[in-house]
Structure formats: structure tokens, C-alpha cells
Amino acid sequence: METALTWIDQHSEALIRLADTIWEYAEVGLREHKSSAAQIKFLEEEGFTVTTGVGGMPTAFVASYGQGKPIIGFLGEFDALPGLSQKRVPVRDPVKEGAPGHGCGHNLLGTAALGAAVAIRKEMEATGLVGTVRYYGCPAEETLVGKVFMAREGVFNDLDAALTWHPMHLNSVWMSQSLAMNSVRFVFHGQAAHAAAQPHMGISALDAVELMNIGVNFLREHVIPDARIHYVITRGGGEPNVVPPVAEVWYYVRAPRRTQVDEIYARVLKIAEGAALMTGARLEVNFQVGCYDFLANPVVSQLMVDSLKRVGPPKFTEEEKAFARQIEESFAPGQKETVMRGMSAPKETWDLTLHQDVADIFDAGKILPGSTDVGDVSWITATGQITTATYVIGTASHSWQVAAAAGTGIGQRSMLVAARGLAATACELFTKPEVLAQAREAFLKDTAGKPYVSPLPPDLKPPLEQLAEH
Ligand SMILES: [Zn+2]
Ligand SMILES: [Zn+2]
């Protein structure tokens, strides 16, 4: 483990430079060409073999080093969010108005995971550690695309464990379950007609949309309370004087478990078919994306907390603390409590500005509303997620405050802690087969031995063209 951790310490500047470069690129999902290339260059220079274009996505790649079992994979992300461009200052000030920014800190996420992978490669070289280390360059997490399409291609299937992390308020692990989800657009095709002169000759696609929504709103009474179904009408017709020939409604169906989404979605689909039948409109179903809930592996998660304690939490400078206090001034009244309560954080952390300890597991068995494509990997292999304090306690996710901290010492310092924590966890898994076996046992128990089935239709392609339209 010493070699791996020393490598990270000695290369902290190179890692910070890479994270900063990606922070500046701030490319949104499936357009992360420069960010992906920067990571590939770094990995190739360190002797990794890289396969690009994974899952039909030009910015997705798998980098591999070593051979044979065990195979440990690090998951990295690098996509930015639209509209969150932000300078490295503690007040709202975009680099470019309306441009994307790293409001989820994925510039740090990908870099720390990559750093851990390279550190393990050095450990292998120095100590004769046997096995394979992989780094997965996963694009478009924010739109729940990258890992789901990569998973459908089977690239995670032979992993013994997947390790990742997420920028956060606290140094700990993330065990909360995220929601499984389907995102689907329902298009109804009718027949245009003069709405006053010949309404009897028209078929209103909008009627079909409205009837579908009524059906689904009645369905709400008969689904589990934790399910979330939301929709927007994206096309409703042109003018009242023309019977709408085309109308579209876009649905998200979410629930704590994938099987629950499957059940509810089957009923929503029947309702859509019913609406088509009632109006005579033709139904077109455009499946966008779907993902699994996040299943944290308890063995890997505990190992991650122990590893974080071993490598130690970040220690911020006076300058960083002052920056953090200024960020805090931008919060709405009561925000810290609302945010920290929402993530089930230990109460003693709510009033802090920056977290400088390691918190024990606090969110096992909780549900965090929202979805992540790490969920899909977590149903394929034993998966754990570290969190480190890359932003100020009480910061809202997907905000300029996250982006600002991710471009400064606060984010960078905690990114290096994440890299060290991930590398330490992997060293344990490589050298202690009994721990890996326990993780596997817990995984089989939690999944009841059921194999992962992709939520995507087999012929669905990644939404590359769709992006070009926006
Ligand atoms: Zn995000
Ligand atoms: Zn994120």
C-alpha cells in the first residue's frame, strides 16, 4: 500500500493539473471529447491499454493494466452541467454566462479514480501484486447514459469489485439507495383538421396525451408510496384552430428498486396504449434511458471507511476556510439544516463549515431521492462509493457553489484524499482474498443471485444525435 499512497503524494500536482484542466473544459455529457482525451493520454503514458468508443459512445473508454484475477475497477466521470459556469470565487460569477460548469464536481471524480488506478499499477510493479486494475472512463452520468450503455455491452461483467467516490460535504461513504428510473417519451400521432369546420375529420393527439395523463394520475393511488412519476408535455399542438396531429408527453418513472420501476412502467405503458385506443391516435414509444437503484456493498463500504480513516481526512488551510465561510454567506436561511437532514448526515456535522474528520457509515438503509448510473454497476458487481468533503457543508447539489469549490484547494485537497482512500481500499481487496469473498457473498445475498438485465431495449443507441440538436 505504501507505494500506491506515496505515488499519489508525489504526483499530487499532476493530478490537480488534470482535474483543473477538466474543470476548465467543462464539457457536458457525451461531448466530453477533450476531458476524455486528457485522461486517456495520462493513462497511456502510465502504461495502461485503452479501449475507446465503448458502448457506442466516443467519449467512453476502458483502461486496463495487469492480467488475471482479481479484477478491480475504478469508475470515473468527467461530465459537466449546463448553465453552471463559475469562476474560482466565492460569489456567483460565471466564466461565461449560460455555459456549462462542474456543478457536480466530476472533474475531481474522474481524476481521483484515475489517480487510484495508476497508484495501484505502481503498487503492482513494486510489490508483485497480482491481478488486473481497470479505470472506466464513464461519460454522461448526469443524463444517466454512460454506465448503463457500457453495462449493456458487458464491460463490468468480469469485475470482482467496483470502487468509486463522489464529491460531497462529508468524508465518509455513500450507502443511501438512489432511485431506479425509466425516462420515456410517448408520442401520439393523430390527424389534423379544421377545429371548427371539420373537427369530426380530426384525431387529436393532444386528447391522447391528456387521457394518458389522467390514467396515470389515477394510477398514483395504486403504486407504492415511494414511487415518483412525473411528466411534462413537450408537444401539445400548434394553434387551437387545428386539431393537433402530433403531441408528446415525457415521463420519468422512479422507484426504490428496479423491479418496482418495471412493474409500474408496464402499467404506464398499458395506459398509453389505452389512450391511443380511445382516441384512434397511433402511439410511438421512445425509450430514453433507464437505470438501476444503487446497491451499496456493505463489506466494501466498511472497508472504504476504514481506509479513509487510515489515510486521514483533508486538513484545509486558513485561506480555504475563509473562502468556505464566504460561500456559506450565499446560502438561504435554514439551508444547511435542510440539505444535511435530507442526506441523513450526523447532526453534529450540520453546523460545521468544512468537514475535517471521517464520519462512520450513517446512511445505510436510507433512500436518497435522485438517480445515478453507478446503480447499474452495483447490480453487476460488489460496489462501494467513498465521499470526501470537496465542498462546504450545506451546499446544494448541482450548484455554482459546488463548481467554485471544485476549482480550488478545497476540492483538490479532498480529491487527493479520495484517491488515497480508493487506492488503500483496492490494496486491501487485492491482498486479502477473504475480504473479496465476503464482499461477493454479501452481493449474492442482496441480489438474490439474479443476473443483471439491462433496462435498455436491445436496439436502443446512445443519444448522440439528440444532443447535436440542442
Ligand atoms: Zn450530478
Ligand atoms: Zn455527480
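The first residue of the sequence shown is numbered 1, and numbering continues consecutively from there. Side chains are part of it too, since the values below use all heavy atoms of this structure and drop only hydrogens, waters and symmetry mates. Every number for a ligand or one of its atoms is a count from 1 in the order of the listing.
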Looking only at the side chains, is there a donor atom on one of Thr425 and Ser307 sitting less than 3.5 Å from an acceptor on the other?
yes

Near-ring test Tyr452/Tyr292, centroid separation under 6.0 angstrom
yes

Does atom CD (Glu24) have a neighbourhood of more than 12 heavy atoms from anything else shown, all under 6.0 Å?
yes

Can you tell me how the ring of Phe61 sits relative to the ring of Phe78, calling it parallel under 30°, perpendicular over 60° and tilted otherwise?
parallel

Which pair of non-hydrogen atoms, one from Phe316 and one from Ser414, has the smallest distance, and what is that distance?
CZ-OG, 3.5 Å

Could you check whether the rings of Phe186 and Tyr251 sit parallel, tilted or perpendicular, using 30° and 60° as the cut-offs?
perpendicular

Near the Zn ion (ligand 2) (protein N/O/S, cut-off 2.8 Å, waters excluded) we have Cys104 SG, His106 NE2, His166 NE2

